[in-house]
Amino acid sequence: KVGWYNAVLQPAFHLPYPDDTLAFVVLSTPSMFDKALKPFVNKERLKLIRDPVDQCVSCHLSRVKEKFPDQKVDVIFDYEILPSRKPKFLAQTAAHVAGAAYYYQRKDVKLDPWGKKKIYGVCIHPKYGGWFAIRGLLLFPDIQVPFLDQSAPIDCVSTEEKRIELLEQFNFHWQDGHYRDIIEVKERYSEEQKAYFATPPAERFRLLGL
């Protein structure tokens, strides 16, 4: 429910919908690369003008909207920003309140070793660890769900030591991706997919042979 999200954020970040409005957080799993992105690139080769992943996600979420011709469906993508340069929604917070992935933050560590350093939080999925992404939000403004029960996200990095290790890895060594394997995962990105996301966005078209 939108209200779960708004309840944990300052008013500047609130979504402008009633509290009981139904919303879905959209995640991409490791298999997205082979099952969705590559077929999309092959089919839309001549029409790709911006980030291929963003265009692919946009295409698939447009198809979801088409499945509900009688419903108003609003889509917010993870990369969209407001004129104030703030993101249109805070993806990791949304994933946490939806019960999709646990958002580990500095406040989850009791004995904080970082002093005055800025420490960013990171979401970990119980099945994919850090090998997933939050792509967007689907909102159904005309559907109110007052009786929907909130499910807590699975706390899969439960020890203090592991949480410190996770935040250290994510904040200071994120390039090597070790934070993604903070737990035992069921599936991770293929080598090809790792290479793609490790390549600067401007050079990714060349990697895809475009």
Side-chain angles (χ1 to χ4, degrees), residues 1-41 43-44 47-104 121-154 186-187 189 193 197:
K1 295 201 289 191
V2 166
W4 302 340
Y5 173 88
N6 286 349
V8 297
L9 291 170
Q10 298 156 338
F13 288 105
H14 285 187
L15 293 167
Y17 299 85
D19 281 354
D20 289 333
T21 305
L22 180 65
F24 291 86
V25 176
V26 181
L27 308 182
S28 64
T29 67
S31 61
M32 178 277 286
F33 194 79
D34 285 321
K35 288 183 179 173
L37 182 67
K38 282 159 76 172
F40 174 78
V41 167
K43 188 164 158 279
E44 305 290 334
K47 296 186 206 154
L48 290 173
I49 47 169
R50 54 188 173 85
D51 186 277
V53 172
D54 291 348
Q55 274 184 263
C56 174
V57 171
S58 176
C59 170
H60 282 282
L61 293 190
S62 299
R63 285 189 202 162
V64 172
K65 281 180 78 161
E66 286 163 17
K67 299 280 184 195
F68 299 94
D70 303 326
Q71 289 292 342
K72 180 167 165 46
V73 185
D74 292 343
V75 182
I76 308 177
F77 296 100
D78 65 304
Y79 53 81
E80 289 188 276
I81 54 171
L82 295 163
S84 64
R85 309 299 295 163
K86 283 194 180 86
K88 281 197 175 177
F89 83 107
L90 299 181
Q92 302 202 100
T93 300
H96 186 94
V97 299
Y102 200 107
Y103 184 24
Y104 291 97
V122 60
C123 271
I124 295 294
H125 189 280
K127 184 175 173 185
Y128 304 114
W131 301 101
F132 79 103
I134 305 156
R135 299 293 179 189
L137 205 55
L138 290 174
L139 296 126
F140 289 76
D142 300 331
I143 301 181
Q144 301 296 301
V145 285
F147 304 112
L148 189 64
D149 285 330
Q150 186 171 13
S151 299
I154 295 170
K186 302 273 193 302
E187 198 185 332
Y189 291 177
Q193 186 171 182
F197 286 116

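Shortest non-hydrogen contact noted between Ala101 and Phe132 is CB-CZ, 3.8 Å. Here the closest non-hydrogen pair linking Ala23 and Val2 is CB-CG2, 4.4 Å. Residues Glu80 and Val75 share a closest heavy-atom pair of OE1-O, 3.9 Å. Between Tyr104 and Ile124, the shortest heavy-atom distance links the atoms CE1-CB, 3.9 Å.
Atom CZ of residue Phe24 and atom CG of residue Leu139 lie 10.0 Å apart, to the nearest 0.5 angstrom. With rounding to the nearest 0.5 Å, the separation of CD1 in Ile134 from CZ in Phe89 is 7.0 Å. Rounding to the nearest 0.5 Å places CG of Asp54 at 5.0 Å from OH of Tyr79.
With Leu138 as the fixed residue, the side-chain contact (heavy atoms from CB on, under 4.5 Å) test singles out one of Val26, Leu22, Ile76: Val26.
Residue pairs meeting the salt bridge (charged side-chain N to carboxylate O under 4.0 Å, His left out) criterion with at least one partner in residues 3-14, sequence neighbours excluded, do not occur; the list is empty.
Gln71 places no side-chain N or O within 3.5 Å of a backbone atom of Phe140 that could act as its donor or acceptor partner. The backbone N or O of Pro146 lies less than 3.5 Å from a partner atom in the side chain of Lys1, making a donor-acceptor pair.
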Anything under 3.5 Å between a donor and an acceptor, one on a side chain of residues 90-97, the other on a protein residue two or more places apart or in another chain? List them.
from: Gln92; atom 1: OE1; to: Cys123; atom 2: N; distance (Å): 2.8
from: Gln92; atom 1: NE2; to: Gly121; atom 2: O; distance (Å): 3.2
from: His96; atom 1: ND1; to: Tyr103; atom 2: N; distance (Å): 2.9

Could you pull out every donor-acceptor pair under 3.5 Å between side chains of residues 60-70 and any protein atom, sequence neighbours left out?
from: Ser62; atom 1: OG; to: Ser58; atom 2: O; distance (Å): 2.8
from: Lys65; atom 1: NZ; to: Val73; atom 2: O; distance (Å): 3.2

Notebook entry, point to check: Which is it for Val25 and Leu137 under the side chain to side chain contact (heavy atoms under 4.5 Å, CB included) test, yes or no, and what are the steps along the way?
Noted result: CA-CA 5 Å; Val25 176; Leu137 205 55; 3.7 Å; yes
Item checked: side chain to side chain contact (heavy atoms under 4.5 Å, CB included) between Arg135 and Val53, intermediate numbers included -> CA-CA 10 Å; Arg135 299 293 179 189; Val53 172; 3.5 Å; yes
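Ring orientation note: the planes of Tyr128 and His125 are tilted relative to one another, at an angle of 30° to 60°.
Between the side chains of Asp74 and Tyr17, at least one donor N or O lies within less than 3.5 Å of an accepting N or O.
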